[in-house]
Number of protein chains: 2
Amino acid sequence: MRGGKAGAEGGARGTGRRRTPERAGPRAARAAGTAGEAGTAGAILRAAERLFGEHGYEGTSVQQLAQLAGVNKALVFYHFGSKQQLFDAVLERYYRAHARAIRQAIRRARGGPRERIHQLLDGYLDFMERHRVYPRLVQQELARRSGRLELIRRNLGELASAVRTLLAGLCPEQGPLAPEHFFASFAGMVVTWFTHAPALGELWARDPLGTAMRRERRAHLHWVVDALLDRLLGERGPHAQRRP
Amino acid sequence: MRGGKAGAEGGARGTGRRRTPERAGPRAARAAGTAGEAGTAGAILRAAERLFGEHGYEGTSVQQLAQLAGVNKALVFYHFGSKQQLFDAVLERYYRAHARAIRQAIRRARGGPRERIHQLLDGYLDFMERHRVYPRLVQQELARRSGRLELIRRNLGELASAVRTLLAGLCPEQGPLAPEHFFASFAGMVVTWFTHAPALGELWARDPLGTAMRRERRAHLHWVVDALLDRLLGERGPHAQRRP
DNA sequence: CATGATGTTGACCAATCGGTCAATAGCCAG
DNA sequence: CTGGCTATTGACCGATTGGTCAACATCATG
């Protein structure tokens, strides 16, 4: 807790302004549209996406935010109510975009289970490549105390249930080969590639986010998908588990 | 940049103190020992490990640090010079412990390549389970501007080269099946399990860090190792690549 | 006891923090 | 032109930030 009235309550000083906390901007951000958000609020939002993604919540000041957006600092509070609510708005936007991308990838998927899984992976990778600060944002939110976990859960839930549906019948429902583990494994393999990109680049003297390396990574992940699916299908037969 | 002289330079005001920045503590932290660090400096270090790991660098104040350690705030600067240098000390300690654990796992490994790989994975998991804030610390450091990338590279390098040695002859040296990709994949699968634990727990109503789930996860990862190795070995034969 | 190094303390600093507020600019409807 | 509404501004607030400093405690050695 730092600065300010530390609670937004307790004021009611002199003027009759009752300080309704639900206000938070010009009529709920322009009809709550999913538009590209031109104008002042949009500029602030874009600056927030970048700075929160690069420096984290605590590492970003409202001053920097306003400066990058090219607007007055007070406008941030006018349009979004508080720094925390601005952060929530940024997360919400990303989550919506992510969920939309996942749904689209599932809807467009064609072919058998194996092909559909490959297409879902491609959709996931596409989204990550288009929104590179997103995994960092999520990770930083996870690290924070009393983060908006329900937001994350809602969003992760969409992807997780998609994976569970796709894997239905291909793997056991419980134990080490449950869909949850495969979901966590692939999310991990994809996400860390982006969050650890600076260190991996330093280590290999090749930019992991460059075109060539991204394509290579994609091929690697598809190869892993096939390897796991083959073993999964093989084990449904007479094969025994290797490491009990 | 926030507070203070904002540069530690340019002072030289009045007093003759030339402000040698190399000072930073009581003769370089008690002979630079790897000891358990009892005493004031140790208490500060332990508090720093916890708070930096939980709230991140920017999210932790020197005040909180000193309070948790039960010492005066000024002592933090006396023993470690600055907040940044304290953070570096914490990272350095973890890196040393990590490198030691990796070396030990490699030295103790017995059997053929497959068995050695399994044992290295176990060693990696053991370390992560014992130091749960470590992956968060690394991630937060990665996200920060002008982080100590060389520190991370040195540490990641040790593990990466171990993986490369173990995989030598088992996989191509370049392309989507290069050791680097397998290294990144397994690091990702392990690390995200810990960094995303709160969200995954919320999602599944089971604690990913609980004993049962940790054991399950370990079994899953060993299964993945076998699946990938089998396919890798199979492809060295007459098999063709599935997805060109 | 005197001395000097090593630890420790609380008061203090400028800068910055998130947030508020009265004044105002712009604009459209009446 | 006049209200009334929204958007914008700059000055301002108390709290907290990382960091400094002179005074002081502690203690082994001369």
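Lettering of chains follows the sequences in order, A, B, ..., and the numbering in each one begins at 1.
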Quiz item: Is A:R93 salt-bridged to A:E49, cutoff N-O under 4.0 Å?
Solution: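 Counted as a salt bridge, because a side-chain N and a carboxylate O are separated by less than 4.0 Å.
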Quiz item: Does A:E129 pair with A:R217 as a salt bridge, N-O distance under 4.0 Å?
Solution: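 No, this pair does not count.
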Is any side-chain N or O of [X] closer than 4.0 Å to OP1 or OP2 of [N]?
| X | N | result |
| --- | --- | --- |
| B:S61 | D:dT16 | no |
| B:H79 | C:dT6 | no |
| A:T40 | D:dT8 | yes |

Atom pair distance, as rounded to whole Å: [atom1] in [X] and [atom2] in [N]:
| X | N | atom1 | atom2 | answer |
| --- | --- | --- | --- | --- |
| A:F80 | C:dT20 | CZ | C1' | 19 Å |
| B:E58 | C:dG18 | CD | C1' | 16 Å |
| B:L65 | D:dT16 | CG | P | 17 Å |
| B:D88 | D:dG18 | CG | P | 15 Å |
| B:F52 | D:dG18 | CZ | C1' | 11 Å |
| A:N72 | D:dG10 | CG | P | 6 Å |
| A:F77 | D:dT8 | CZ | P | 16 Å |
| B:L75 | D:dG18 | CG | P | 16 Å |

Practice problem: Test for a donor-acceptor pair under 3.5 Å between the base of C:dG19 and the side chain of A:K73, counting only N and O atoms. | Solution: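 Under the 3.5 Å cut-off, the side chain and the base do form a donor-acceptor pair.
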Self-check item: Side-chain-base donor-acceptor pair under 3.5 Å for A:K83 and C:dG19
Solution: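 Such a pair does not exist between side chain and base.
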The side chain of [X] lies closest to which of these nucleotides: [options]?
| X | options | answer |
| --- | --- | --- |
| B:Y78 | C:dT20, C:dT9, C:dG7 | C:dG7 |
| A:A74 | C:dC21, D:dT17, C:dG10 | C:dC21 |
| B:Q63 | C:dG18, D:dT17, D:dT9 | D:dT17 |
| B:S82 | D:dG19, D:dT6, C:dG7 | D:dG19 |

Practice problem: For B:R215, look at atom CZ and say whether over 12 heavy atoms of other residues, nucleotides or ligands are found less than 6.0 Å away. | Solution: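 Open: at most 12 neighbouring heavy atoms sit under 6.0 Å from CZ of B:R215.
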Exercise. Determine whether the aromatic ring centres of A:F186 and A:Y124 lie less than 6.0 Å apart.
Key: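 Ring centroids of A:F186 and A:Y124 are no less than 6.0 Å from each other.
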Practice problem: Could you check whether the rings of B:F127 and B:H98 sit parallel, tilted or perpendicular, using 30° and 60° as the cut-offs? | Solution: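 Aromatic pair B:F127/B:H98 classed parallel.
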